[in-house]
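I have placed the structure first, in the form of C-alpha cells, so that the comments after it can refer back to it.
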Amino acid sequence: MESEKKTIEIENLIRFLSGFNQKIISISIKENRIKVYTDNTVYCLKKGEENFVKIKTKQKPNRKNNYKTKKAKLSHFSAKFVISASLLAILGSASNLSKNNSKAFANQQMAETITQKDELAIQNNQDLFFSLNHEEKNSQLKLVSNKPTMLYQNISIEHEIIQSQRIKKRVETDNLFGDTIEKWSKRWGASSSLMKALITQERDENNLSNPGQLTRNICGEKIILPIINKSKEDIASGKEVDKIFIIREEPNKANYQNEEEYLYQLELHKKQVEKSKELKQEGYEIIFFPDLLGEQNCDKNIQIAIAFATFNNYRLNDPVLATFAYNAGYYTTKKAQLDEILNGQVGTDQTDKNYLTHVFRFLYPEEVNNLKFITKNFPENWDDMTYDQRNYYMSIGIKDVPYTYTFVSLENFKEYIDEKEIRHNSRR
C-alpha cells in the first residue's frame with residue numbers, strides 16, 4: 001500500500017511537470033519542497049494533499065552555457081542538485097512503474113556508459129544527484145552517485161559536423177598509437193576516442209617524430225592531474241595525482257637574430273631549470289622538451305599531449321573548450337564563447353580557427369554520442385592556497401572529492417560515405 005502511494009506521488013510529480021510550457025533544466029527536492037529550474041526561472045513547489053502546487057516564482061539571468069550558433073544550437077547542462085535522504089524511498093519506487101513510464105526514471109545512454117563499479121556506488125550511498133530534463137513532454141530522471149557523491153554534466157552540440165574524407169588517417173592513428181592513447185586517456189579520465197581524433201588531426205602523415213605537435217608553450221607549466229584509473233602501484237603507495245614539469249632546452253644563440261629575444265629565452269630556460277630542482281623534491285616528473293621529440297619518443301610525446309589536453313580541461317572545466325585550447329591556447333579560449341569557436345571566429349593567423357570541427361571530423365559515428373570524461377576537480381581557491389594546503393589536498397583531501405562525469409554528444413554528425421578522394425591539405 002505504501003509502495004503504491006509513493007508510485008502515485010512520482011506519477012503526480014511527472015504529470016505536474018509535464019504541464020510546464022518551458023524547458024525544464026533540472027529540479028531539486030528537499031523534504032516536501034521542490035525547485036524546478038528552467039532557462040530563466042526558478043519555480044518553488046510544495047506537495048499538496050493530492051498534487052503539487054506552485055508557491056513561489058523567481059526570475060534568474062540567462063545561463064551562460066546555453067549557446068546558439070549560426071548553423072545550429074549547443075546546449076550545456078550541469079546537474080548538481082541533492083535529493084534528501086528522506087525521498088530516496090520514493091525514488092526507489094521508480095522501478096515499480098509501468099513500462100510506459102519507465103523512461104522517466106532512466107537515461108539509457110547513462111546506464112550503458114556507467115560502469116558496474118559506479119552502479120554499486122549508487123546502491124551504497126544515500127546522497128544522489130539527479131536532474132529531470134523535459135523535452136516535448138517526455139521526461140527523463142537521471143540518478144548517479146559515488147562516495148561521497150558523483151556529479152555529471154551533459155554537453156550536447158548540434159553544430160553540423162561532417163566526417164573527414166580522410167578518415168583512413170584515423171584508422172592509421174589507432175593502429176600506430178591506439179594502445180598508448182587508451183592507456184593515458186584511461187588513467188586521467190579523458191575520452192580516448194576524442195584523444196585519438198586529436199592526435200589524428202595533429203600528426204604529420206609522413207613524419208612520426210612529433211605526433212602531438214608539441215611546442216615549447218607547454219614548458220614551465222606545473223601540470224597536476226588526478227589519477228582516475230589507478231595502477232596497483234598507485235594504490236599501494238597512496239598516490240592520488242600525477243605531477244609533470246617540462247623544461248625547454250637551452251636556446252642556441254645562432255637561431256636568434258635578435259639578441260634581446262635570445263637573452264629572454266635563455267633566462268626563461270634558467271628559471272625553469274631552477275624551478276625543476278624544487279619541484280622534483282615535491283614529486284614532479286621532470287621532462288626535458290627534446291626528450292619528447294623523435295620517432296623513438298612517440299609514446300612519451302603522446303602521453304604529454306594527452307596530459308596537456310586534460311590539464312586544459314581542468315583549467316577550463318569543459319572538455320570541448322579544452323580541445324580547442326590545445327591549438328589556440330588557454331588564454332585565447334578562456335575569453336571566447338563556444339558558438340564563436342564552432343563558427344570559426346576565434347584565433348589568429350597562426351592558429352586553426354576551425355580546429356574543433358577538424359578534430360571532431362576524425363571521430364567514428366559510433367563514438368559521437370559517447371565521449372566520456374571523468375574528473376576530480378580542484379577547489380576554486382587553489383591559487384590562493386598555501387603550499388601545505390595544496391600538498392594536503394593532493395595527498396589526502398582529494399580522496400573525498402566527487403567524480404564528475406561529462407558526456408559530450410554531437411547531435412548533427414554526418415558520416416562521410418563518398419570513397420572518392422578529393423583535394424585536401426594536411427591540416428584539414
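These numbers were taken from a predicted model, which means no experiment stands behind them. Position 1 is the first residue of the sequence, and the numbers go up from there.
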Next item on the list: Apply side chain to side chain contact (heavy atoms under 4.5 Å, CB included) to I287 and list each qualifying residue two or more places apart in sequence or on a separate chain.
Entry: I244, I246, E285, L292, K300, I304

Margin query: Using modelled atom types and a 3.5 Å cut-off, is there a donor and acceptor pairing between side-chain atoms of N175 and backbone atoms of V171?
Written below: yes

Next item on the list: For the pair K414 (side chain) and I162 (backbone), establish whether a donor and an acceptor sit closer than 3.5 Å, ignoring hydrogens and angles.
Entry: no

Check: Just wondering, do R248 and Q265 contact through their side chains at under 4.5 Å, heavy atoms?
Finding: yes

Notebook entry, point to check: Is it true that the side chains of E411 and S409 contain a donor and an acceptor less than 3.5 Å apart?
Noted result: yes

Margin query: Any non-hydrogen side-chain atom of Q163 less than 4.5 Å from a side-chain atom of L363?
Written below: no

Notebook entry, point to check: Rounded to the nearest 0.5 Å, what separation is found between the CG atom of D383 and the CZ atom of F378?
Noted result: 11.5 Å

Notebook entry, point to check: Is there a side-chain contact between T386 and Q389, using heavy atoms and a 4.5 Å cut-off?
Noted result: yes

Item checked: For the student: nearest non-hydrogen atoms of F407 and K372, plus distance -> CE2-CD, 3.6 Å

Margin query: Under a plain distance cut-off of 3.5 Å, with no hydrogens placed, do N207 and S209 share a side-chain donor-acceptor pair?
Written below: yes

Next item on the list: Please work out whether the ring planes of Y262 and Y256 are parallel, tilted or perpendicular, with thresholds of 30° and 60°.
Entry: tilted

Margin query: For the NZ atom on K230, are there more than 12 heavy atoms of other groups (residues, nucleotides or ligands in this structure) within a distance under 6.0 Å?
Written below: yes

Check: When rounded to the nearest 0.5 angstrom, what is the spacing between NZ in K277 and CD1 in I247?
Finding: 9.5 Å

Checklist line | Separation of Q272 CD from L279 CG (nearest 0.5 Å) | finding: 10.5 Å

Check: Going by an N to O cut-off under 4.0 Å, is there a salt bridge joining E282 and K222?
Finding: no

Notebook entry, point to check: Just checking, any donor-acceptor pair under 3.5 angstrom between side chains of N210 and N301?
Noted result: yes

Item checked: Sidechain-backbone polar pair: N297 side chain, D291 backbone, donor-acceptor under 3.5 Å -> yes

Checklist line | K239 atom NZ, over 12 foreign heavy atoms within 6.0 Å | finding: yes

Next item on the list: May I have the step-by-step check of side-chain contact (heavy atoms from CB on, under 4.5 Å) for V401 and N377, ending in yes or no?
Entry: CA-CA 7 Å; V401 175; N377 290 333; 5.6 Å; no

Notebook entry, point to check: Would you call the rings of F311 and F308 parallel, tilted or perpendicular if under 30° counts as parallel and over 60° as perpendicular?
Noted result: tilted

Note to self: Measuring only between side-chain heavy atoms, which start at C-beta, is F324 closer than 4.5 Å to V346?
What the structure shows: yes

Notebook entry, point to check: Which heavy atom of Y330 sits nearest a heavy atom of R315, and at what distance?
Noted result: CB-NH2, 3.3 Å

Next item on the list: Run the numbers on K253 and E259 for salt bridge (Lys or Arg N to Asp or Glu O under 4.0 Å), then give the verdict.
Entry: CA-CA 8 Å; K253 190 174 182 178; E259 176 79 9; 3.6 Å; yes

Notebook entry, point to check: Is any side-chain heavy atom of E249 closer than 4.5 Å to a side-chain heavy atom of R216?
Noted result: yes

Check: Given side chains that start at C-beta, do those of P319 and V408 come closer than 4.5 Å, heavy atoms only?
Finding: yes

Next item on the list: Take M394 and K243, measure what side-chain contact (heavy atoms from CB on, under 4.5 Å) needs, and give me the verdict at the end.
Entry: CA-CA 10 Å; M394 288 186 288; K243 297 183 282 188; 4.0 Å; yes

Item checked: Atom pair CG/NE2 of L410 and H159 - distance to nearest 0.5 Å -> 10.5 Å

Margin query: Going by the rule side chain to side chain contact (heavy atoms under 4.5 Å, CB included), which residues pair with S231 if we only count those two or more places apart in sequence or in a different chain?
Written below: R187, E233, D234

Checklist line | Pairwise side-chain contact, T180 with I306, heavy-atom cut-off 4.5 Å (strictly under) | finding: no

Next item on the list: Go through the side-chain N and O atoms of S192 and S185 and say whether any donor and acceptor fall under 3.5 Å apart.
Entry: no

Notebook entry, point to check: How about Y284 and E278: do any of their side-chain heavy atoms sit closer than 4.5 Å?
Noted result: no

Item checked: Step-by-step side-chain contact (heavy atoms from CB on, under 4.5 Å) determination, R203 to F177 -> CA-CA 11 Å; R203 71 178 182 85; F177 309 119; 4.1 Å; yes

Margin query: Could you tell me if Y355 and E202 have a donor-acceptor pair between their side chains, going purely by distance under 3.5 Å?
Written below: yes

Checklist line | Over 12 non-hydrogen atoms of neighbours within 6.0 angstrom of CD in E366 | finding: yes

Next item on the list: Under the side-chain contact (heavy atoms from CB on, under 4.5 Å) rule, what do Q213 and Q201 come out as? Steps first, then yes or no, please.
Entry: CA-CA 10 Å; Q213 293 300 305; Q201 168 64 21; over 6 Å; no

Next item on the list: Count the heavy atoms belonging to other residues, nucleotides or ligands that lie under 6.0 Å from OH of Y364, then report whether that count exceeds 12.
Entry: yes

Margin query: Ignoring hydrogens, what is the shortest heavy-atom contact between S276 and I286? Give both atom names and the distance.
Written below: O-CD1, 3.7 Å

Next item on the list: Return yes if some donor-acceptor pair links the side-chain N/O of K186 with the main-chain N/O of N229 below 3.5 Å, else return no.
Entry: no

Next item on the list: Output yes when a side-chain donor or acceptor of R390 lies under 3.5 Å from a complementary backbone atom of W382, and no otherwise.
Entry: yes

Notebook entry, point to check: What distance do L266 atom CG and N252 atom CG have between them, rounded to the nearest 0.5 Å?
Noted result: 11.0 Å

Next item on the list: Please report the closest heavy-atom contact between A328 and T333, naming both atoms and the distance.
Entry: CB-OG1, 4.1 Å

Check: What heavy-atom pair brings P211 and I302 nearest, and what distance separates the two atoms?
Finding: CG-CG1, 3.9 Å

Check: Which pair of non-hydrogen atoms, one from T173 and one from K196, has the smallest distance, and what is that distance?
Finding: CG2-O, 3.8 Å

Next item on the list: Mark yes or no for whether N391, through its side chain, and Y387, through its backbone, hold a donor-acceptor pair below 3.5 Å.
Entry: no

Check: Are there more than 12 heavy atoms of other residues, nucleotides or ligands under 6.0 Å from atom CG of D179?
Finding: no

Notebook entry, point to check: Should K271 and E274 be marked as a salt bridge (Lys or Arg N to Asp or Glu O under 4.0 Å) after you check the CA-CA gap, both sets of side-chain angles, and the distance that decides it?
Noted result: CA-CA 5 Å; K271 287 182 178 179; E274 287 302 311; over 6 Å; no

Margin query: Distance check, rounded to the nearest 0.5 Å: L194 atom CG versus E367 atom CD?
Written below: 9.0 Å

